[in-house]
Student: 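One structure, pasted below without further comment.
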Amino acid sequence: METPEQIKSRLAPLLPLAQIDILPNDCPAGERSLLVDPAHALAAAKFLRDDLQLRLDYCSNVTGIDWPDAVIKTKVKKKVTVEGVEKEVEETMETPRPGYLEVLYHLYSMELKHGPVVLRLRTANRADNTQLPSLTPLWRGAEFQEREVYDLYGVIFEGHPDLRRILMWDEFKGHPMRRDYVAPDDYEYEPTPHDEVLDLAKKHYPPEVKA
Amino acid sequence: MSAIADPPGKPNYEILPKTNQAGEPIGEFLEISMGPHHPSTHGVFRMDVVLDGEKVVKLKPVFGYLHRNHEKIGENIPYLASMPYTDRLDYFCSMTNNWAYALTVEKLAGLAVPERAEYIRVIMAELTRLQNHTCLIGFFAQDMGALGTPMMYAFREREKVLDLFESVSGARMMCNYMRFGGVRCDVTPEWLSEAKQLTDGYGKFLDEFEALLSQNEIILARTQGVGVLSRELAVSASVTGPMLRASGVNYDLRKVDKYGIYGRFDFKVPLGEHGDVYDRYMIRVLEMRESIRILQAALRDIPSGPVMDPKAKLRGLRPKAGEAYGRVEAPKGELGFYLISDGSPNPYRYRVRPPSFINLTILEDMCLGHRISDTVVILGSVDIVLGEVDR
C-alpha cells in the first residue's frame, strides 16, 4: 500500500491546478488523509478508483464533520528585551479559523485487499456555500451516505442523483448534527406551546409576547 | 442558524404516466406504500413501490422511524458511556457491536488486549453469528409463508445462545460486555464446557434445519434466480457481509484485516455463484458451519490469564487528539466506527458505519422487474435491523 506522499506525488502531475494536502493524524495507528480542493475532487477520486496500483473500488464509509468558527491558540516563545535584559517570554498566538464542513471518504480496495485511503473534502464555509461534488457517480455505495450527510450536516452534493433527506422527515428544518444546532422545544406540530414546553418557550420569547 | 438552499434536482416522487411504445397513455401505474407496519419489513421500514400490475417498476426505501441520532448522543457523553448504546444498534448482535467500538477506541488510544480476552471475544462474536444467521433463516422462511415452525426451531437454538450470554454478562440481548482493553468479566470453566456442548450439538441442528429447508420445493421456486445482484454492482455499492460473498466476491474482514486473533484460525470463506436469494441463504448456512469450526478451535485453545489490560483506563479515558476508523466483520456486514478525539473526555465525532443501512442501497436494483411478493423475499435476504439502519 502506497503512503499518502506517494499517492500525492503521482496525483499532482495529473492535476497540476489541484491543491492536495496531506493532513497529519496524531493517533498512533491512525491513517493520514488526503485533502483535495472541491473543484478537483471528482477527478482525484476517479484517479484513486481507476489507478492500477490503487484500485480503490470500495467506498466503505462517508462521514460529515462540522468545524465551527474557532480560535486556534498556539504558544510561541519570543525574546523580549526588558530594561536591557534579554528574556524569553511565552506568548499565546490567537489565529481565527473560519468554520467549514468536512466530508470524509474511507476508500478500500476489494480487488487488491488494501486500504484505507482517507479522502477529505472541505466546503468554503458553513452558511451559504456548502456545495461539494458528489462521488456517487463513482461509488454507488456513497448514495445513501451522502444523503445522510446532506440531511444531518447540510452539505449539498452536486451531481447526486436523488438528494433528499433520509433519516429526518422531509419537512424538517435545520441540520441536527451541526455543533450549534439547538433542538426545538417541541417536535410535535402544534403551534401553541403548553405545559412544560411553555416554560421552555418563555425563556427565549421576547418579553412583550405573552405566549 | 443560517438557511441552506434546497438541493438541486427534483425529488424523485412523482409517478410517471404509463405509456405504450408510441407514447400514448395506457392504463395506470399503482403506487403503494408498503410498511412501515407491514410484518415483512422486520421493523418500521417503508417502501414506496410503484407497480405495473404485479411487477415492480420503482421502489424507494423510506426510513428514519427509529432515528434517535445515536451519533449526536455519542458526541455528548464520555467514551465508555457509549458502550451500552452500541448494544441498541443491531440488537441481535450486541457482542459484535461492542467489539467494533472497543476495537476502534483501542486503536485510537493505543491499548493492548490480553490473550484470553481475545479468545473470549472471538467466541462471543462467533456465537453471535450463529444465532443471527439462524434467526435470519427463520424469519426468511416466515416471509415465504412457512408460518411459525422454522422460526420456532430457530428461536429454540437462539435461546440456548442467549442463555450463555445471560450467564456471563447478565443480559440476554443488551450484553454491554466488552471494554477497551479486554472484556468486563471472565468466563468460568463451566461456562466454557456449556459453550462447547452447544457448539458440538449445533452441527446436528443445522443438518436437521437444512433437511427441512435447503431442498424444499417452495424455497427453491421462490428464491432461485430472484433478486440477482451482480458482482460489479455489489462492489460499487459497498455491499458487505454475506450479501457480498453471495455475489462471489471474496472479501471477509476476518481474513483481510485479521483483526483480533482471527489470523490463527483455519476457516474457509464460502462464496456464491449466482448472487440470487438462494445463494444468500446458502452462504449463511455455510458460514455457520465455518463458525462452528472457529468456535471449536477457540474453545480448545483458550489460555488462562487476565481478561483486562491492567493499564487500561475506562472512566475518564482521554485519548490523545487524533482520529481512527475501526471495522469488524459483523454478521450483517462491515460494521465500522469512526472516532475523532480532541483530547477531551468526549469524542469530537462519533460515527457508525452501519452495514444494513448501506446494504439497502441496491434494494431497488434487486427488486425491479420482479413481482411485489418477491420484494418481501429479497428484503428478507438482505438481513436488516432497523435499530441499526435508523440509528
Student: Taking the six-membered ring of Tyr150(A) as reference, does the cationic atom of Arg147(A) (NZ for Lys, CZ for Arg) lie under 6.0 Å from its centre and within 45° of its axis?
Tutor: no

Student: Name the option with the most non-hydrogen atom pairs under 4.5 Å to chain B; the candidates are Leu152(A), Thr136(A), Asp151(A), Val62(A).
Tutor: Val62(A)

Student: Which word best sums up how the rings of Tyr259(B) and Trp99(B) line up, parallel for under 30°, tilted for 30 to 60°, or perpendicular for over 60°?
Tutor: perpendicular

Student: What part of Tyr65(B) gets within 4.5 angstrom of chain A, counting heavy atoms only: side chain, backbone, both, or neither?
Tutor: neither

Student: For residues 233-244 of chain B, which side-chain N or O atoms pair as donor and acceptor with protein atoms under 3.5 Å away, sequence neighbours left out?
Tutor:
| from | atom 1 | to | atom 2 | distance (Å) |
| --- | --- | --- | --- | --- |
| Ser236(B) | OG | Arg140(A) | N | 3.3 |
| Ser238(B) | OG | Cys59(A) | O | 2.6 |
| Thr240(B) | OG1 | Glu334(B) | N | 3.1 |

Student: Does any backbone or side-chain atom of Leu104(A) lie under 4.5 Å from a heavy atom of chain B? Answer side chain, backbone, both or neither.
Tutor: side chain

Student: With a 4.5 angstrom heavy-atom cut-off, could you sort out which part of Asp57(A) is near chain B: side chain, backbone, both or neither?
Tutor: both

Student: Which atoms of Asp252(B) are under 4.5 Å from chain A, going by heavy atoms: the side chain, the backbone, both sets, or neither?
Tutor: neither

Student: Looking only at heavy atoms and a cut-off of under 4.5 Å, which of Phe63(B), Tyr338(B), Tyr251(B), Tyr348(B) has the most pairs with chain A?
Tutor: Tyr348(B)

Student: Looking at Glu31(A), Met177(A), Arg165(A), which has the largest count of heavy-atom pairs under 4.5 Å with chain B?
Tutor: Met177(A)

Student: Tell me whether Lys58(B) is salt-bridged to Glu31(B), with the criterion being a basic N under 4.0 Å from an acidic carboxylate O.
Tutor: no

Student: Parallel, tilted or perpendicular: which describes the rings of His160(A) and Phe157(A), with under 30° parallel and over 60° perpendicular?
Tutor: tilted

Student: Might you confirm whether atom CD of Glu2(A) has over 12 heavy atoms from other residues, nucleotides or ligands at distances under 6.0 Å?
Tutor: yes

Student: What residues of residues 40-56 of chain A sit under 4.5 Å from chain B when only non-hydrogen atoms are counted?
Tutor: none

Student: Which of parallel (below 30°), tilted (30 to 60°) and perpendicular (above 60°) describes Tyr325(B) and His106(A)?
Tutor: parallel

Student: Is it the backbone or the side chain of Ser109(A) that comes under 4.5 Å from a heavy atom of chain B, or both, or neither?
Tutor: backbone

Student: Mark yes when over 12 heavy atoms from residues, nucleotides or ligands other than Tyr85(B) sit less than 6.0 Å from its OH; otherwise mark no.
Tutor: no

Student: Give a yes/no verdict on a cation-pi contact between Lys255(B) and Phe267(B), requiring under 6.0 Å between NZ or CZ and the six-membered ring centre and an angle within 45° of the axis.
Tutor: yes

Student: Mind checking side chain to side chain donor-acceptor pair (under 3.5 Å) for Glu148(A) and listing every partner two or more places apart, or none if nothing turns up?
Tutor: Arg351(B), Arg391(B)

Student: For Pro61(B), which atoms come within 4.5 Å of any heavy atom of chain A: side chain, backbone, both, or neither?
Tutor: side chain

Student: Go through the structure and list residues passing salt bridge (Lys or Arg N to Asp or Glu O under 4.0 Å) with Arg179(A), not counting sequence neighbours.
Tutor: Glu75(B)

Student: With a 4.5 angstrom heavy-atom cut-off, is it the side chain or the backbone of Leu108(B) that approaches chain A, or both, or neither?
Tutor: both

